[in-house]
Engineer: 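Take this structure first; my questions come after.
The figures that follow rest on heavy atoms only: side chains count, while hydrogens, waters and symmetry mates do not. This chain uses plain numbering: 1 for the first residue, then up along the sequence.
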Amino acid sequence: MKRSLTLFLAFCAFIMASAQSVDVYHSGILSSYSYTELTDISLNASETSTQLVVNKTGNQLTVDADNVKSIVFSDQPVDACTKYADDKPAQVVFSCIEVNNVNPLQHLNFKLEKSNKYYFDAVILFSSNINFSKKEDVVYIHNNENVQPILNNWEHYIKPLKDRGIKVLLSILGNHDGSGLANLDDERAQQFAKAIADTLDKYDLDGVFFDDEYSEYNKGLKGQGYKGFLDSPSYEAASRLAYETKKAIGDKWLVLYKYGHYNMAVSVDGKKPGEYVDYVLTDYNQSAAGMTTQYPGVKNSQVGCYSVDINGYTNKSNVKKLRTGKYGAFMIYNLDQTAYDFSYSKVINLEDFGKYLFDDELKVEEALYYKDWTPIEDLREPNR
């Protein structure tokens, strides 16, 4: 045993010399460490057991060697977000925040103890809007006085998240005029899809989240003589915009909120929704019932159900069904670590969700991030 232990340690030292990250997959948990965090990897052997010991600065991970399924040394940076449960990738956790008053940097404060992973995989900036300029005859993306400062200060508010593997998505929501995500004709949908792609590229964002609310379709832009709009909104038009957007943004994520005219989706140009949608997230506490017929081609791995408003009622037992049903995503809305009751109320929910989904313990940093930007009062529009 001593000879094999010596050879193992020599092998580890040789590989680690050029490694940027080390992934240890043990007991259904994937733990990731950067090479600079590690001081040693060793095996402790006795007559009754063999343990793998990973010494991490200020901490130590010790697991029975029998429970270690793999150790991967990589020349790639740490995969800071991908979590495992039941020997498979676990749920992608979305956080949808009201950026009118919540700093997105708060997501840097939430990690899992055993795996050393970030709790949240993706942050949705809620929300930019779809609007129509009658003067210039263009459907455009409106970034309000709080969204725009965050985008303008990308290096401060967005880059730190992306550097740690957390994706940042832009939400698109209706904004009380006659344009919406579900009443554009094919040509207008292609134009707006390009505007979305240009915006994601300009601000180096990772995807878009469609929420079909607050458009006032009854204002009837077509009836007022404006071209490019349908008589009334439809699932077909909403699906067309989603399809054209996915074509325009490529590998970036297209995420739909199952609400309004995205309560279902249809095939477009021979492509089923499962082929042009990355994730569908249901409304609060809603199950995935009927999803396969409402979204043909969508797999459970693309579905996020039982979404939670952290400020509202939560049936916690539903969250366990995400794992048993092998659904691929979960959304938490309204997270705000600076809220007065967060430390004794909201955090308990996060702790429970971490146990249910990942068999892991929540670790929260107390460096609070408050709203520290100045809203932009004079927005120039339209933003094409």
Engineer: Under the 3.5 angstrom rule, does the side chain of T82 hit a backbone N or O of D79 as a donor-acceptor pair?
Structural biologist: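 A pair under 3.5 Å: no.
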Engineer: Under 4.0 Å between a side-chain nitrogen and a carboxylate oxygen: does that hold for K258 and D283?
Structural biologist: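 No, this pair does not count.
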Engineer: Looking at side-chain heavy atoms only, is the closest gap between V208 and T199 below 4.5 Å?
Structural biologist: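 When only atoms from C-beta onward are counted, T199 and V208 do not touch, as no gap falls below 4.5 Å.
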Engineer: State whether Y276 and K246 meet the cation-pi test: NZ (Lys) or CZ (Arg) under 6.0 Å from the six-membered ring centroid, and within 45° of the perpendicular axis.
Structural biologist: no
Engineer: Report yes if some heavy atom in the side chain of L256 is under 4.5 Å from a heavy atom in the side chain of Y279; otherwise report no.
Structural biologist: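 L256 vs Y279: side chains apart.
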Engineer: Give me the atom names and distance for the closest heavy-atom approach of A248 to A193.
Structural biologist: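 Where A248 meets A193 most closely, the heavy atoms are CB-O, 3.8 Å.
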Engineer: Would you mind telling me which of Y262, F210, F209 makes a ring-ring contact (aromatic ring centres under 6.0 Å, His included) with Y257?
Structural biologist: F209
Engineer: Provide the closest heavy-atom pair for L184 versus L230 in the form atom of the first, atom of the second, distance.
Structural biologist: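 Nearest heavy atoms, L184 then L230: O-CD1, 4.0 Å.
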Engineer: Evaluate the side chain to side chain donor-acceptor pair (under 3.5 Å) criterion for residues Q224 and K134: first the C-alpha distance (whole Å), next the side-chain angles of each, then the deciding distance (0.1 Å), finally the verdict.
Structural biologist: CA-CA 10 Å; Q224 297 177 41; K134 294 181 178 180; 3.1 Å; yes
Engineer: Donor-acceptor pairs under 3.5 Å, side chain of residues 365-372 to any protein atom, not counting sequence neighbours: which ones?
Structural biologist:
from: K371; atom 1: NZ; to: N100; atom 2: O; distance (Å): 3.0
from: K371; atom 1: NZ; to: N146; atom 2: OD1; distance (Å): 3.0
from: D372; atom 1: OD1; to: Y157; atom 2: OH; distance (Å): 2.4

Engineer: If you take all heavy atoms of A85 and L357, which pair is closest and at what distance?
Structural biologist: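 It is CB-O, 3.3 Å.
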Engineer: With a 6.0 Å cut-off on the ring centroids, do F94 and F120 count as close?
Structural biologist: no
Engineer: One thing to verify: whether E244 and R240 come together as a salt bridge, which I'm taking to mean a side-chain N less than 4.0 angstrom from a carboxylate O.
Structural biologist: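 Counted as a salt bridge, because a side-chain N and a carboxylate O are separated by less than 4.0 Å.
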Engineer: Flag the pair Y327 / Y306 as yes when their ring centroid distance falls below 6.0 Å, and as no otherwise.
Structural biologist: no
Engineer: Can you check whether Y203's main-chain N or O pairs, donor with acceptor, with W154's side chain at less than 3.5 Å?
Structural biologist: yes
Engineer: Tell me if a side-chain donor or acceptor on D336 pairs with a main-chain N or O of T338 at a distance below 3.5 Å.
Structural biologist: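 Indeed, once roles are kept as given, a pair shorter than 3.5 Å links the two residues.
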Engineer: Just by distance, do the side chain of N103 and the backbone of Q106 share a donor-acceptor pair under 3.5 Å?
Structural biologist: no
Engineer: Taking all non-hydrogen atoms of both residues into account, name the closest pair between L322 and Q91 and its distance.
Structural biologist: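 So the minimum-distance heavy-atom pair works out to O-NE2, 3.1 Å.
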Engineer: With the side chain counted from C-beta on, respond yes when I124 and L170 share a heavy-atom pair under 4.5 Å apart, and no when they do not.
Structural biologist: no
Engineer: Check the pair H261, S234 against side chain to side chain donor-acceptor pair (under 3.5 Å), reporting the backbone distance first and the verdict last.
Structural biologist: CA-CA 6 Å; H261 291 89; S234 68; over 6 Å; no
Engineer: Donor-acceptor pair, R323 side chain versus Y356 backbone, under 3.5 Å?
Structural biologist: yes
Engineer: Regarding D204 and K252, does a basic nitrogen lie under 4.0 Å from an acidic carboxylate oxygen?
Structural biologist: no
Engineer: Is there a salt bridge (Lys or Arg N to Asp or Glu O under 4.0 Å) between D198 and K202? Walk through the geometry before answering.
Structural biologist: CA-CA 6 Å; D198 290 345; K202 179 177 180 179; over 6 Å; no
Engineer: Are H142 and S128 close enough that a side-chain donor and a side-chain acceptor fall under 3.5 Å?
Structural biologist: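 Side chains of H142 and S128: no pair found under 3.5 Å.
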Engineer: Is it the case that over 12 heavy atoms from other parts of the model lie below 6.0 angstrom from the NZ atom of K271?
Structural biologist: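 Atom NZ in K271 is not crowded, with 12 or fewer foreign heavy atoms closer than 6.0 Å.
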Engineer: Taking ring-ring contact (aromatic ring centres under 6.0 Å, His included) as the criterion, tell me which of F353, F358, Y284 meets it with F330.
Structural biologist: F353
Engineer: Roughly how far apart are K159 NZ and L161 CG, rounded to 0.5 Å?
Structural biologist: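 These two atoms lie 11.0 Å from each other.
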Engineer: Regarding K346 and D341, does a basic nitrogen lie under 4.0 Å from an acidic carboxylate oxygen?
Structural biologist: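 Salt bridge: yes.
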Engineer: Using 0.5 Å steps for rounding, measure from the OH atom of Y118 to the CG atom of L112.
Structural biologist: 11.5 Å
Engineer: Does S74 use its side chain to pair, donor to acceptor, with the backbone of S21 at less than 3.5 Å?
Structural biologist: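 Not at all, since once roles are kept as given, no pair shorter than 3.5 Å links the two residues.
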Engineer: Roughly how far apart are L181 CG and D211 CG, rounded to 0.5 Å?
Structural biologist: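 It is 8.0 Å, given to the nearest 0.5 Å.
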Engineer: Less than 4.0 Å between a side-chain N and a carboxylate O, is that true for K219 and D177?
Structural biologist: no
Engineer: What verdict does the salt bridge (Lys or Arg N to Asp or Glu O under 4.0 Å) test give for D87 and K69, after you've listed the backbone C-alpha separation in whole Å, the side-chain angles of each residue and the deciding distance to 0.1 Å?
Structural biologist: CA-CA 10 Å; D87 297 340; K69 297 196 174 182; 2.6 Å; yes
Engineer: Let me check something: do V364 and Y119 share a hydrophobic cluster, defined by ILVMFWY side-chain heavy atoms less than 4.5 Å apart, either directly or through other members?
Structural biologist: yes
Engineer: Before you tell me yes or no, could you show the steps for Q302 and Y295 under side chain to side chain donor-acceptor pair (under 3.5 Å), namely the whole-Å CA-CA distance, both residues' side-chain angles and the distance that decides it to 0.1 Å?
Structural biologist: CA-CA 10 Å; Q302 296 169 276; Y295 281 84; over 6 Å; no
Engineer: Hey, is the main chain of I150 close enough, under 3.5 Å, to the side chain of N153 for a donor-acceptor pair?
Structural biologist: no
Engineer: Taking atom OH of Y214 as the centre, does the number of heavy atoms from other residues, nucleotides or ligands within less than 6.0 Å exceed 12?
Structural biologist: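 Atom OH in Y214 is not crowded, with 12 or fewer foreign heavy atoms closer than 6.0 Å.
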Engineer: Of the non-hydrogen atoms in P160 and L108, which two are nearest, and what is the gap between them?
Structural biologist: O-CD2, 3.9 Å
Engineer: Quick one, L169 and L205 - any side-chain contact, counting heavy atoms below 4.5 Å?
Structural biologist: no
Engineer: Quick check: is Y259 connected to M264 through a chain of hydrophobic side chains (ILVMFWY, heavy atoms under 4.5 Å apart)?
Structural biologist: no
Engineer: Provide the closest heavy-atom pair for S215 versus G174 in the form atom of the first, atom of the second, distance.
Structural biologist: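 For S215 versus G174, the nearest heavy atoms are OG-CA, 3.3 Å.
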Engineer: To the nearest 0.5 Å, what is the distance between CG (N349) and CG (N311)?
Structural biologist: 10.0 Å
Engineer: Is a donor from one side chain sitting under 3.5 angstrom from an acceptor on the other, for Q337 and N109?
Structural biologist: yes
Engineer: Distance only, no hydrogens: is a donor on one side chain within 3.5 Å (strictly under) of an acceptor on the other, for S31 and N116?
Structural biologist: no
Engineer: Got a second to check how far D352's CG is from S317's OG, nearest 0.5 Å?
Structural biologist: 11.5 Å
Engineer: So, does S133 use its side chain to make a donor-acceptor pair with the main chain of E136 at under 3.5 Å?
Structural biologist: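 Checked: pair present.
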Engineer: Answer yes or no: are there more than 12 heavy-atom neighbours, outside Y344 itself, under 6.0 Å from its atom OH?
Structural biologist: yes
Engineer: Below 4.0 angstrom, N of the basic side chain to O of the carboxylate: do D231 and K222 qualify?
Structural biologist: yes
Engineer: Determine yes or no for a side-chain-to-main-chain donor-acceptor pair under 3.5 angstrom, with E275 supplying the side chain and K272 the backbone.
Structural biologist: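 Yes; at least one donor-acceptor contact below 3.5 Å.
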Engineer: Yes or no on salt bridge (Lys or Arg N to Asp or Glu O under 4.0 Å) for D360 and K114, after CA distance, side-chain angles and deciding distance?
Structural biologist: CA-CA 6 Å; D360 215 332; K114 297 177 185 177; 5.4 Å; no
Engineer: Step by step, would you call K167 with D121 a salt bridge (Lys or Arg N to Asp or Glu O under 4.0 Å)?
Structural biologist: CA-CA 6 Å; K167 293 183 180 294; D121 300 81; over 6 Å; no
Engineer: Of Y217, F229, F192, Y140, which meets ring-ring contact (aromatic ring centres under 6.0 Å, His included) against F132?
Structural biologist: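 Going through Y217, F229, F192, Y140 one by one, the ring-ring contact (aromatic ring centres under 6.0 Å, His included) with F132 is satisfied by F229 alone.
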Engineer: Will you find, in the side chains of N175 and N131, an N or O donor that is under 3.5 Å from an N or O acceptor?
Structural biologist: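 There is such a pair (donor and acceptor under 3.5 Å, judged by atom type) between the side chains of N175 and N131.
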Engineer: With no hydrogens and no angle check, is any side-chain donor or acceptor of R164 less than 3.5 Å from a backbone partner on C81?
Structural biologist: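 Looks like no, no N/O pair under 3.5 Å.
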Engineer: Can a donor-acceptor pair be found between the side chains of S115 and K83 at a distance below 3.5 Å?
Structural biologist: no
Engineer: Could you tell me whether D359 and K355 make a salt bridge, using a distance below 4.0 angstrom between a side-chain N and a carboxylate O?
Structural biologist: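 Not counted as a salt bridge, because no side-chain N and carboxylate O are separated by less than 4.0 Å.
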